[in-house]
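Data block below; observations after.
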Amino acid sequence: MIIEPRILKGFRDSLPKQERIKRDLIHSLEMQFRTFGFEPIDTPALEYTDVLLGKGSGETDKQIYRFLDNGKRDVSMRFDLTVPFARFMAAHINELYEPFKRYHIAKVWRGENTQKGRFREFYQCDFDIVGVDSMSADFEILLMMYQSLTAIGLDSFTIKVSHRGLFNTFLAHNGIQEQSAEILRTVDKLSKIGETAVREQLCTLTDVAAADRILSFISCGKDFKTAFASLTSLSGGPSEASERLEQIFGMIDELGLNDYFELDASITRGLDYYTGIVYETILTDLPSIGSICSGGRYNELASLYTKRSIPGVGASIGLDRLLAALEELESSTDQGSMVDLIIFALDEHDFSRYHHTAQQLRARGLHVEVFPTKKKLQQQFKYAQKKEIPFGLFIGEDEAASETFTMKNLIEREAFEHISIDDAYTIITSHREHTIDKS
RNA sequence: GUGGAUGUAGUUCAAUGGUAGAGCACCAGAUUGUGGUUCUGGUUGUUGCGGGUUCAAGCCCCGUCAUCCACCCCA
């Protein structure tokens with residue numbers, strides 16, 4: 001009886017090419033994070049349910065993978081990396097230091113319905129600064145978002161920035177803070193359902209006058225100075241929140257990053273733990289796939305687990321969504337083959353020579369593989385072609401006697417005869433540099 | 001979770017209820033010194049899966065699974 005090799009809805013296998021692209025992406029992101037002084041951490045995939053649901057809304061309750069383990073413990077799979085991080089901070093605050101900057105790249109699980117770029121198992125890539133509530137930290141997260149996305153080859157994206165606190169000040173100023181959560185959720189849909197639809201929904205929540213004031217607040221325009229001025233006056237004059245926002249945009253301006261950032265008061269974020277600045281990143285060429293990097297400031301998150309106040313700010317890159325977007329836009333960053341050279345198997349008795357030669361070249365930093373069985377040469381070529389290996393080495397009797405080889409550029413089909421190991425190394429490395437220059 | 005569309009070879013796509021097809025890819029053999037050509041032959045397949053209607057179902061009906069779209073929410 002054969003079991004059908006099926007997999008669950010929203011869960012996916014990752015084939016070598018795809019996985020290679022993903023690993024490369026993760027690697028370059030990690031290198032970026034480290035240049036900012038962020039440290040890696042990890043937490044368990046499974047936690048006690050009460051730990052994860054502590055501050056979740058009704059929606060997260062529905063989406064969480066939850067079950068009893070064999071010891072009858074009520075457990076859940078982490079559905080983001082921020083909540084486990086809050087638990088982590090509360091548990092280890094005495095062993096750590098503040099401010100603490102960490103990044104965390106790992107899988108999370110959500111049992112929601114699937115769509116393009118929406119999966120039930122996907123990678124998130126979080127980076128946060130906790131232990132301080134400062135505009136520099138807020139800005140550094142924004143800067144890292146810009147830097148990370150740029151580092152992986154993106155250049156047409158917009159990071160939309162807003163401030164949850166400013167919105168709440170505005171609501172309080174207009175005496176409609178009671179429906180804050182519903183209003184925030186409605187406002188968040190502006191870019192999707194349009195102004196008139198949002199207005200209708202707001203009217204059912206409040207009165208017409210309030211709805212119009214909310215609308216003028218969230219559609220304040222794109223020019224920062226005028227938008228900021230109207231936001232400030234609509235929320236009853238300068239406040240702590242408006243000052244923070246002004247400082248942050250001042251820094252964006254001074255670092256010459258205006259093209260990538262935008263003040264958009266309709267960005268509010270569905271997660272209710274955000275208390276300050278919030279942001280979302282939209283790809284200019286594929287807005288329909290949704291935000292590929294979002295986050296914000298959450299000053300009370302760890303208060304669920306400790307009496308100590310641990311303010312934080314951070315962002316999360318949706319790696320799988322980003323990859324789906326890159327694939328859709330056909331702008332994947334595939335570096336090509338990982339292997340520089342294959343040594344063909346010509347004679348069953350020469351394998352130790354093949355492996356010895358491979359070791360010599362690996363010692364110089366090349367990626368070398370030995371074809372493991374004496375098959376027809378045509379099949380060995382086919383294998384090399386499939387793995388996109390650029391060079392093939394022939395070690396026959398003549399070659400063994402004279403300590404020279406025949407090497408072939410498998411793409412150009414150009415042969416190099418009677419060459420030494422040094423020659424082979426030189427040819428391969430110069431070819432490698434050449435292709436990197438081209439890409 | 002709710003509503004809708006779709007599901008045929010590895011892939012891109014055909015087939016009025018009447019015997020499952022084409023290109024590319026793939027495999028074997030021949031030819032090319034060591035693979036790009038050409039020739040010959042071949043698998044291209046439980047038509048997603050399970051039922052039902054019918055003399056007969058890829059096609060019609062029901063269920064189920066998956067993908068995509070909208071809602072919800074979000075990375």
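The shown structure was predicted, so the numbers you read here are calculated from the model rather than taken from an experiment. Chain letters run A, B, ... following the sequence lines, proteins first and then strands; every chain starts at 1.
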SB check A:Asp350 A:Lys374 (cutoff 4.0 Å): no
Kindly assign one of parallel, tilted or perpendicular to the pair A:Phe157 and A:Tyr146, based on the angle between their ring planes and the thresholds 30° and 60°. tilted
Write down the partner of B:A14 under the Watson-Crick or G-U wobble criteria, each distance required to be under 3.5 Å. none
Looking at every strand, decide which applies to A:Gly111 at a 4.0 Å heavy-atom threshold: base, sugar-phosphate, or nothing. nothing
Using atom CD1 of A:Ile395 as one end and atom C1' of B:U34 as the other, report the distance to the nearest whole Å. 15 Å
Could you tell me how far apart A:Tyr383 (OH) and B:U34 (P) are, to the nearest whole angstrom? 22 Å
Name the nucleic acid region contacted by A:Phe344, choosing base, sugar-phosphate or nothing; use a 4.0 angstrom heavy-atom cut-off, strictly under. nothing
Please report the distance separating the P of B:A56 from the corresponding atom of B:U11, rounded so that it comes out in whole Å. 32 Å
So with a 6.0 Å cut-off around CZ of A:Phe11, is the heavy-atom count from everything else above 12? yes
Counterpart base for B:G45, defined by Watson-Crick or G-U wobble contacts under 3.5 Å: none
Have a look at A:Gly295 and say if it touches a base, only the backbone sugar-phosphate, or nothing, with a 4.0 Å heavy-atom cut-off. nothing
Minimum-distance nucleotide (side-chain atoms of A:Lys116 versus B:C69, B:A75, B:U67): B:C69
Please report the distance separating the P of B:U40 from the corresponding atom of B:C24, rounded so that it comes out in whole Å. 13 Å
Between A:Lys9 and A:Ser316, who's closer to the 5' end of RNA chain B by nearest nucleotide? A:Lys9
Check this for me: does the side-chain of A:Arg110 come within 3.5 Å of the base of B:C74 through a donor and an acceptor? no
With C1' as the reference atom in both, quote the distance from B:U37 to B:A30 in angstrom, rounded to an integer. 14 Å
Using a 4.0 Å heavy-atom cut-off, does A:Asn113 contact any base of the nucleic acid, only the sugar-phosphate backbone, or nothing at all? base
Distance below 4.0 Å between A:Gln115 side-chain N/O and B:U67 OP1 or OP2: no
Salt-bridge criterion met for A:Arg364 and A:Asp422 (N-O under 4.0 Å): yes
Using purine N1 to pyrimidine N3 plus N6-O4 or O6-N4 for Watson-Crick, or N1-O2 and O6-N3 for G-U wobble, each under 3.5 Å, what pairs with B:C72? none
How close or far is atom P of B:C69 from atom CG of A:Leu286, stated in whole angstroms? 10 Å
Rounding to a whole Å, what distance do you find between A:Phe394:CZ and B:U34:P? 9 Å
A:His92 NE2: over 12 foreign heavy atoms closer than 6.0 Å: yes
Between B:A25 and B:G63, how many Å separate the two P atoms, rounded to a whole number? 43 Å
Paired with B:U54: which nucleotide, if any, by Watson-Crick or G-U wobble criteria at under 3.5 Å for both distances? none
Has A:Ser291 got a side-chain N or O lying under 4.0 Å from the OP1 or OP2 atom of B:C74? no
Could you state the CD1-C1' distance from A:Ile64 to B:C73, rounded to the nearest angstrom? 14 Å
Using the six-membered ring wherever Trp is involved, compare the ring planes of A:Phe38 and A:Phe127 and label them parallel, tilted or perpendicular (cut-offs 30° and 60°). perpendicular
Quickly work out the A:Ile389 CD1 to B:U34 P distance and round it to whole Å. 20 Å
Could you verify whether a donor N or O on one side chain and an acceptor N or O on the other, from A:Asp423 and A:Thr426, lie under 3.5 Å apart? no
Contact nearer the 5' end of RNA chain B, comparing A:Lys386 with A:Ile292: A:Lys386
On a whole-Å scale, what distance lies between the P atoms belonging to B:U31 and B:C59? 48 Å
Any N or O donor-acceptor pair linking the side chain of A:Glu112 to the base of B:A75 at under 3.5 Å? yes
Report the C-alpha distance between A:Phe167 and A:Phe217 in whole Å, list the side-chain angles of each, state the deciding distance to 0.1 Å, and finish with yes or no for ring pair (Phe, Tyr, Trp, His ring centres under 6.0 Å). CA-CA 9 Å; A:Phe167 202 104; A:Phe217 185 86; 5.2 Å; yes
Considering Watson-Crick and G-U wobble pairs with both distances under 3.5 Å, what does B:A20 pair with? none
A:Phe119 has its side chain closest, among B:A75, B:A66, B:G35, to B:A75
Which nucleotide, if any, forms a Watson-Crick or G-U wobble pair with B:U37, using both distances under 3.5 Å? none
Taking atom C1' of B:G35 as reference, at what distance in whole Å does atom CD1 of A:Ile342 sit? 12 Å
Take the protein atom NZ of A:Lys22 and the nucleotide atom C1' of B:A75, then report the distance between them rounded to whole Å. 13 Å
Out of B:G35, B:C68, B:A75, whichever nucleotide has its closest atom nearest the side chain of A:Phe381: B:G35
Side chain of A:Gln63 only, heavy atoms from C-beta on: which candidate in B:C27, B:U34, B:C73 is closest? B:C73
B:C59 - base-pair partner by Watson-Crick or wobble geometry, distances under 3.5 Å: none
Atom C1', compared across B:A22 and B:U8: separation rounded to whole Å: 13 Å
Could you check which nucleotide pairs with B:A5 in any of the strands shown, counting Watson-Crick or G-U wobble with both distances under 3.5 Å? B:U67
NA contact type, A:Leu410, heavy-atom cut-off 4.0 Å: base, sugar-phosphate, or nothing? base
Using only heavy-atom distances, determine whether the side chains of A:Asp128 and A:Tyr298 contain a donor-acceptor pair under 3.5 Å. yes
Pairwise C1' distance for B:A20 and B:G33, with rounding to whole Å: 44 Å
Using the C1' atom as the point on both nucleotides, what is the distance between B:C55 and B:A5, in whole Å? 34 Å
Using a heavy-atom cut-off of 4.0 Å across all strands, would you classify A:Cys293 as base, sugar-phosphate, or nothing? sugar-phosphate
Mark yes or no for a side-chain to base donor-acceptor pair under 3.5 Å between A:Arg6 and B:C65, with no hydrogen or angle criteria applied. no
